[in-house]
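Notes follow the structure.
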Amino acid sequence: MEEPKRIPLRIFALLLLISTSAFQILYASEDADDAIFYESFDEAFEGRWIVSQKDDYTGVWKHAKSEGHDDYGLLVSDKARKYAIVKELDETVKLKDETVVLQFETRLQNGLECGGAYLKYLRPQEAGWKPKEFDNESPYSIMFGPDKCGATNKVHFIFKHKNPKSGEYVEHHLKHPPSVPSDKLSHVYTAILKSDNELQILIDGEQKKKANFLSADDFEPPLIPPKTIPDPDDKKPEDWDEREKIPDPNAVKPDDWDEDAPLEILDEEAEKPEGWLDDEPEEIDDPEATKPEDWDDEEDGEWEAPKIDNPKCEAAPGCGEWKRPMKRNPAYKGKWHAPLIENPAYKGIWKPRDIPNPEYFELKKPDFEPIAAIGIEIWTMQDGILFDNILIANDDKIAASYRETTWKPKFTVEKEKQKEEELETGSSGLAGFQKKIFDLLYKAADIPLLSDYKLKIYDVIEKLEKQPNLTVGILVAFVVVVVSIFFRIIFGGKKKPTRVERTNVEPAETSTSQGSAENEENKEDESAAAPPRRRSTRRDN
């Protein structure tokens, strides 16, 4: 009896998408009645969304399908452009006494190296803006969504709040927001604003951040200003001394303190090692190097063979002109400084006195400005950013239903396709790499110098071959071990070059008049100025 054929993952995902499409239409149409605002972009956006006519915004918006789907979205079509488009709501949305959910999908089809993919929820036009003049100065109530460029990688949540005392609008940023997913799949971003001042940020339905609008730990600057502030008119007195320690005014440099003594001097006791090759250069022309056939002396100049280390120097203490090595100068003391003592006039670090904050206020919940329009105003270096299924609802269950019917089927197909591509490219590439690694290991095991380790190496290779899913890192680490054994055997018994040992070097005397801080400074000078030498008797270059 023949085994039933397995359905390929891509076909299975397609069937899943088709089977869910009917439910998607059914539930989406039902949910749309409950949504405050919903935009699916199933139809062309012209006539419903207004493109900014400001000169800076030259990016062209397109009504396009998401790659691999029949689902349409609003597409960023050009690279390195500014984009601005806005949709006025039929009714303003109040953000005060009930839960409000903001949700939308984006797909970064070409990735996102530098640019934004966020939405702005705008205040009524009475605040001072016009749809055809929509730009980055248009007043918004909330900004929410991905933004990535350089060190910036975050899902923004920013809200503007009017200070009831000063009348100024202050921009409050969510602290430690979640990062933007780094793939090219469809993702859905959800912000749930609850009536109890709680904010939840979800990515693909999973909570990534929870915050409280009234907490100073969650927003910068905090919504509620501090009760007191430093007095801006308070000035530090001229006689205020902030120095905790000062140089001892009574300290005197010792008469025998020589500040000009060098750190190192020639070692007069050193002798040239026996066998030093004075007439041999440290480097010689590579005898195996040949002049390239296409070398043109007129254009390329006179050809010179590349240099290699002189093999005769390896077996000798050294080559070339021998010079006496340097040694630590026992008379070196460095720059003299008076030791530090406690400052009798020290008053501490000055700071201005605190006064009541004239902008301080109290409130039980934020006084959000209503939302009258949704705008997309971004600058991006990438094209292929697709916006879809923009939703405003007053129940997070409605948003969850939309995620299940509009986002999840697409994401499932994209995820399965991504897995297939990874398997196709990864398995063949990894298998070929593993084969090369195993071949190298077998060759290493056959090297005569490794004969004592041959059986152990074979045993490990056989275990590795039975587990082909081992990571490349383990295989490479094994190669490093084998190579280290190889080099240890080859170079382990090599005769070390003769070194000249110095004797009877007296340590430098330390003056008792120096403070502890100065002694530490001198030690640092010594360690920085006297690096270790590879061979003490080699000539100085």
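One-based numbering along the sequence shown. Computed from a predicted model, the values in this text were never measured in an experiment.
Judged purely by atom type and a 3.5 angstrom limit, Trp129 uses its side chain to pair as donor or acceptor with the backbone of Arg123. The backbone N or O of Arg353 lies less than 3.5 Å from a partner atom in the side chain of Asp234, making a donor-acceptor pair. For Asp241 (side chain) and Lys347 (main-chain N/O), no donor-acceptor pair under 3.5 Å exists by modelled atom type. In terms of modelled atom types and a separation under 3.5 Å, the side chain of Ser141 and the main chain of Tyr121 share no donor-acceptor contact. Here the side chain of Glu133 pairs no donor or acceptor atom with the backbone of Lys54 at under 3.5 angstrom. With hydrogens and angles disregarded, no donor-acceptor distance shorter than 3.5 Å links the side chain of Lys96 to the backbone of Lys365. In this structure, the side chain of Thr412 engages the main chain of Lys408 through a donor-acceptor pair within 3.5 Å. Remark: side-chain polar atoms of Tyr57 are not paired, donor with acceptor, to backbone N or O of Ile85 under 3.5 angstrom. Judged by distance alone, the side chain of Gln109 and the main-chain N or O of Ser66 form no donor-acceptor pair under 3.5 Å. In this structure a side-chain-to-backbone donor-acceptor pair under 3.5 Å is present from His172 to Pro221.
Atom-to-atom distance recorded for Gln53:CD and Lys132:NZ is 5.0 Å, nearest 0.5 angstrom. Between the CG atom of Leu108 and the CG atom of Leu185 there is a distance of 9.5 Å, given to the nearest 0.5 Å. From Lys417, atom NZ reaches atom CD of Glu420 across 9.5 Å, with rounding to the nearest 0.5 Å. A distance of 9.5 Å separates CG in Asp90 from CD in Glu88, rounded to the nearest 0.5 Å. Here the CG atom belonging to Asn197 is positioned 5.5 Å from the CG atom belonging to Asn212, to the nearest 0.5 angstrom. Rounding to the nearest 0.5 Å gives a distance of 10.0 Å between CG of Asp395 and OG of Ser401.
When side chains are defined from C-beta on, Lys208 does not count as touching Val155, because their heavy atoms never get closer than 4.5 Å. Inter-residue side-chain proximity for His161 and Phe213 is flagged as unmet; no heavy-atom pair is nearer than 4.5 Å. Side-chain contact between Val413 and His69: present, with at least one pair of heavy atoms (C-beta onward) separated by less than 4.5 Å. At least one side-chain heavy atom of Asn153 sits under 4.5 Å from a side-chain heavy atom of Lys148. Within the 4.5 Å cutoff, no side-chain heavy atoms of Glu206 are placed close to those of Asp204. Leu391 is not listed as a side-chain neighbour of Thr406, based on a closest heavy-atom distance of 4.5 Å or more. Residues Asp383 and Asn110 are in side-chain contact: their nearest non-hydrogen atoms beyond the backbone lie under 4.5 Å apart. Side-chain atoms of Ile246 and Ile341, non-hydrogen and from C-beta on, do get closer than 4.5 Å to each other.
When all heavy atoms are compared, the tightest approach of Glu369 to Tyr169 is OE2-OH, 2.9 Å. Closest heavy-atom contact between Trp240 and Ile349: NE1-C, 4.3 Å. Nearest heavy atom pair, residue Phe361 against residue Pro225, reads CE2-CD, 3.3 Å. What you find for Gly116 and Ile378 is that their closest heavy atoms are O-CD1, 3.4 Å. Listed here is the closest heavy atom pair of Asp388 and Ser40: OD1-O, 2.8 Å. Here the closest non-hydrogen pair linking Pro344 and Glu342 is CD-O, 3.2 Å.
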Could you please spell out the steps behind the side-chain contact (heavy atoms from CB on, under 4.5 Å) verdict for Lys94 and Phe368?
CA-CA 8 Å; Lys94 296 182 179 180; Phe368 289 110; over 6 Å; no
Before you tell me yes or no, could you show the steps for Lys120 and Asn136 under side-chain contact (heavy atoms from CB on, under 4.5 Å), namely the whole-Å CA-CA distance, both residues' side-chain angles and the distance that decides it to 0.1 Å?
CA-CA 10 Å; Lys120 289 184 175 180; Asn136 64 323; 4.3 Å; yes
Please walk me through it: do Glu67 and Lys184 pass salt bridge (Lys or Arg N to Asp or Glu O under 4.0 Å)?
CA-CA 10 Å; Glu67 184 178 339; Lys184 301 178 181 180; over 6 Å; no
CA sep, side-chain torsions, deciding dist, call: Ser138, Glu377, side chain to side chain donor-acceptor pair (under 3.5 Å):
CA-CA 10 Å; Ser138 299; Glu377 187 274 319; over 6 Å; no
Run the side-chain contact (heavy atoms from CB on, under 4.5 Å) check on Ile142 and Leu193 step by step: do they pass?
CA-CA 11 Å; Ile142 291 174; Leu193 291 72; 3.6 Å; yes
Evaluate the side-chain contact (heavy atoms from CB on, under 4.5 Å) criterion for residues Val101 and Thr190: first the C-alpha distance (whole Å), next the side-chain angles of each, then the deciding distance (0.1 Å), finally the verdict.
CA-CA 7 Å; Val101 183; Thr190 310; 3.6 Å; yes
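Annotation for Asp55: atom CG does not count as buried by contact number, only 12 or fewer foreign heavy atoms lying within 6.0 Å. Glu43 CD: 12 or fewer foreign heavy atoms inside a 6.0 Å radius. Under a cut-off of 6.0 angstrom, the local environment of NZ in Lys62 is sparse, with at most 12 non-hydrogen atoms contributed by other residues, nucleotides or ligands. Annotation: Glu113, atom CD; neighbour count of heavy atoms from other residues, nucleotides and ligands within 6.0 Å does not exceed 12. Applying the 6.0 Å contact sphere to CD of Glu46 captures more than 12 heavy atoms from other residues, nucleotides or ligands.
The pair Arg107-Glu414 counts as a salt bridge, with a side-chain nitrogen and a carboxylate oxygen less than 4.0 angstrom apart. Using a 4.0 Å cut-off between charged nitrogen and carboxylate oxygen, Lys154 and Asp147 do not count as a salt-bridge pair.
Both tests do not hold together for Lys165 against Tyr360: distance to the six-membered ring centre under 6.0 Å, angle to the ring axis within 45°.
For Trp49 and Phe134, the distance between ring centers is not under 6.0 angstrom.
Screening Trp407, Tyr38, Tyr402 for a side chain to side chain donor-acceptor pair (under 3.5 Å) involving Asn389 leaves a single residue, Tyr38. No option in Ile203, Leu119, Leu102 other than Ile203 meets the side-chain contact (heavy atoms from CB on, under 4.5 Å) test with Tyr189.
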